[in-house]
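Some notes on the structure that comes next.
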Amino acid sequence: MADQTNPLDDPSADPFAIAAEAASDIHRLTGVEHHDIAVTLGSGWSKAAELIGETVATIPATEVTGFSKPALEGHVGTLRSIVTPDGKHVLVIGARTHYYERHGVRRVVHSVRTAAAAGAKTMVLTNGAGGIKETWKAGTPVLISDHINLTADSPLEGATFVDLTDLYSRRLRDLARTIDPTLDEGVYCQFTGPHYETPAEVQMAKHLGGHIVGMSTALEAIAARQAGMEVLGFSLITNLAAGIQKTPLSHAEVIEAGREAEPVISGLLARVIGAL
Ligand code: HPA
C-alpha cells in the first residue's frame with residue numbers, strides 16, 4: 001500500500017521545496033502558470049468541480065511530486081485546473097491525504113502547500129463531518145467558524161509561531177452568506193480517526209465549544225495560514241455525531257448523505273467560488 005518513494009518521507013527534505021516542485025509539475029501538466037484559488041473537495045462536494053467553470057486540464061495526483069494515492073475509493077485522486085467565467089484559475093484538489101493514513105502531517109498538508117506555491121491566495125477546504133447541533137440534519141452545509149485541533153500534531157516544524165486568529169476568514173464567511181443567507185456556522189473539531197468518535201468524545205467536543213466533528217481540515221487550515229492564504233471552510237453534515245443521533249454511524253450512511261446533498265451543496269460551492 002505504501003508508495004515508498006514519496007520525497008516527503010525523507011525527514012531531511014524541505015517540504016516547501018517539494019511543494020514548489022509539485023507546483024511546477026502542475027504548471028507543466030496543465031499549462032496553467034498561476035492559480036488564484038484552490039479548493040479541496042471532501043466527501044459530498046466533488047460535483048462542484050463541474051459547476052465552477054471550464055476544465056482546462058485534469059491530471060492524476062500521482063503524477064505530481066509528493067502526492068499519495070487516495071486511501072479511500074470515492075475520494076477522486078485528481079487535480080483539476082478550472083477557469084471561471086470571469087477568468088480566475090481554480091485548482092481543484094480531489095486528492096486529500098488524511099491524518100489517519102499515518103503517513104505523517106507533511107503529506108497531509110502537501111496539497112495546501114502546493115496550492116500556495118502554485119499562486120493561490122485563497123484556500124477553500126470542504127469536508128463531510130458529524131454534527132453536534134441537534135437542529136442540523138444530514139445534508140446541511142455549514143461554514144466553519146474556527147477549529148479545535150485534537151490531533152496533538154501540527155504541520156509547523158521547529159519554533160514556528162503562527163497566529164490563528166480569524167483563521168476561517170470572517171470576510172469570506174460573510175461573502176458565502178451573500179450567496180446563501182441561511183448558512184449556519186460552527187467550530188470544527190479534528191479528531192485523528194479513522195474510528196468515529198464515541199458518544200462521550202462527542203460530549204467532550206461539545207463541552208469544549210465544538211459543533212462539528214471530523215477527521216480533516218484543521219491541520220490543512222493551519223498550513224494554509226502559514227502560507228499566507230485566506231481560508232474558507234465548509235462542512236457537509238453527513239450525520240449527527242455519535243450519541244447525538246440515536247442510531248450507530250456507518251460509512252455507507254455518510255457516503256449516501258453526501259450523494260444526496262451533492263447537487264445542492266456543489267451548486268452553492270460553485271457560486272461562492274465564483275464570487276471570491
Ligand atoms: N465523525 C467524524 N468524521 C465524520 C463523521 C463523524 O461523525 N461523519 C463524517 N465524517
Side-chain angles (χ1 to χ4, degrees), residues 39-48 70-77 93-103 105 108-109 111 124-153 168 183-222 233-266 268-269:
V39 52
T40 299
L41 298 178
S43 337
W45 296 92
S46 52
K47 287 249 170 358
L72 258 189
E73 260 180 77
H75 286 218
V76 218
I93 300 161
R96 178 178 252 149
T97 298
H98 283 89
Y99 192 75
Y100 59 67
E101 292 172 54
R102 302 284 191 264
H103 290 311
V105 71
V108 171
V109 301
S111 60
V124 183
L125 297 168
T126 69
N127 59 54
I132 298 181
K133 277 199 198 176
E134 303 196 10
T135 52
W136 290 342
K137 293 188 176 57
T140 307
V142 299
L143 290 162
I144 301 175
S145 59
D146 202 347
H147 79 223
I148 298 174
N149 172 11
L150 295 172
T151 67
D153 210 338
Y168 299 86
L183 276 170
D184 202 356
E185 63 180 31
V187 174
Y188 182 93
C189 297
Q190 182 174 358
F191 284 82
T192 57
H195 47 266
Y196 292 116
E197 303 72 32
T198 62
E201 287 163 346
V202 169
Q203 287 305 312
M204 175 191 77
K206 181 175 176 177
H207 285 295
L208 292 176
H211 308 106
I212 307 164
V213 288
M215 305 176 191
S216 66
T217 303
L219 295 169
E220 297 162 19
I222 296 169
F234 271 111
S235 289
L236 167 69
I237 303 302
T238 55
N239 56 279
L240 288 185
I244 308 280
Q245 81 171 33
K246 300 303 169 214
T247 49
L249 271 52
S250 79
H251 180 60
E253 167 200 33
V254 166
I255 296 296
E256 184 51 30
R259 199 167 290 142
E260 277 179 23
E262 196 148 44
V264 176
I265 61 168
S266 298
L268 167 68
L269 181 60

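Atoms within each ligand, like the ligands themselves, are counted from 1 in listed order. Given the structure is predicted, the values throughout are model-derived calculations rather than measurements. Note that the numbering runs from 1 along the sequence shown for the chain.
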Among all protein heavy atoms, pick out the one at the shortest distance from atom 4 (C) of ligand 1; state its residue, atom name and that distance to 0.1 Å.
-> Y196 CE2, 3.7 Å
Of all the atoms in ligand 1, which lie at a distance below 4.0 Å from a heavy atom belonging to M215?
-> 2 (C), 3 (N)
Side-chain H-bond candidate by donor/acceptor type, T217 with Q190, under 3.5 Å = no
At what distance is the nearest protein heavy atom to atom 9 (C) of ligand 1, and which residue and atom is it?
-> T238 OG1, 3.3 Å
Validation row: H251, Y196 side chains within 4.5 angstrom (heavy atoms) | yes
What residue and heavy atom of the protein are closest to atom 2 (C) of ligand 1, and at what distance?
-> E197 OE2, 3.1 Å
Hey, are the side chains of V124 and L269 touching, using non-hydrogen atoms and a 4.5 Å cut-off?
-> yes
Heavy atom of the protein closest to atom 8 (N) of ligand 1 (residue, atom name, distance) | N239 OD1, 2.6 Å
Protein contact to atom 10 (N) of ligand 1 [nearest heavy atom, distance to 0.1 Å] | G128 O, 3.3 Å
Proximity of L249 to ligand 1 by residue part, where a heavy atom lies under 4.0 Å = side chain
Between R259 and E256, is the closest basic N to carboxylate O distance under 4.0 Å?
-> yes
Less than 4.5 Å apart, any side-chain heavy atom of L236 and any of T126?
-> no
Working to the nearest 0.5 Å, report the span between CD of E220 and NE2 of H98.
-> 7.5 Å
Starting from atom 3 (N) of ligand 1, locate the nearest protein heavy atom and write down its residue, its atom name and how far away it is, to 0.1 Å.
-> G214 CA, 3.5 Å
According to the interplanar angle, ranging from 0 to 90°, do the rings of F234 and W45 count as parallel (below 30°), tilted (30 to 60°) or perpendicular (above 60°)?
-> tilted
Atom 5 (C) of ligand 1: closest protein heavy atom, distance to 0.1 Å, is G130 N, 3.4 Å
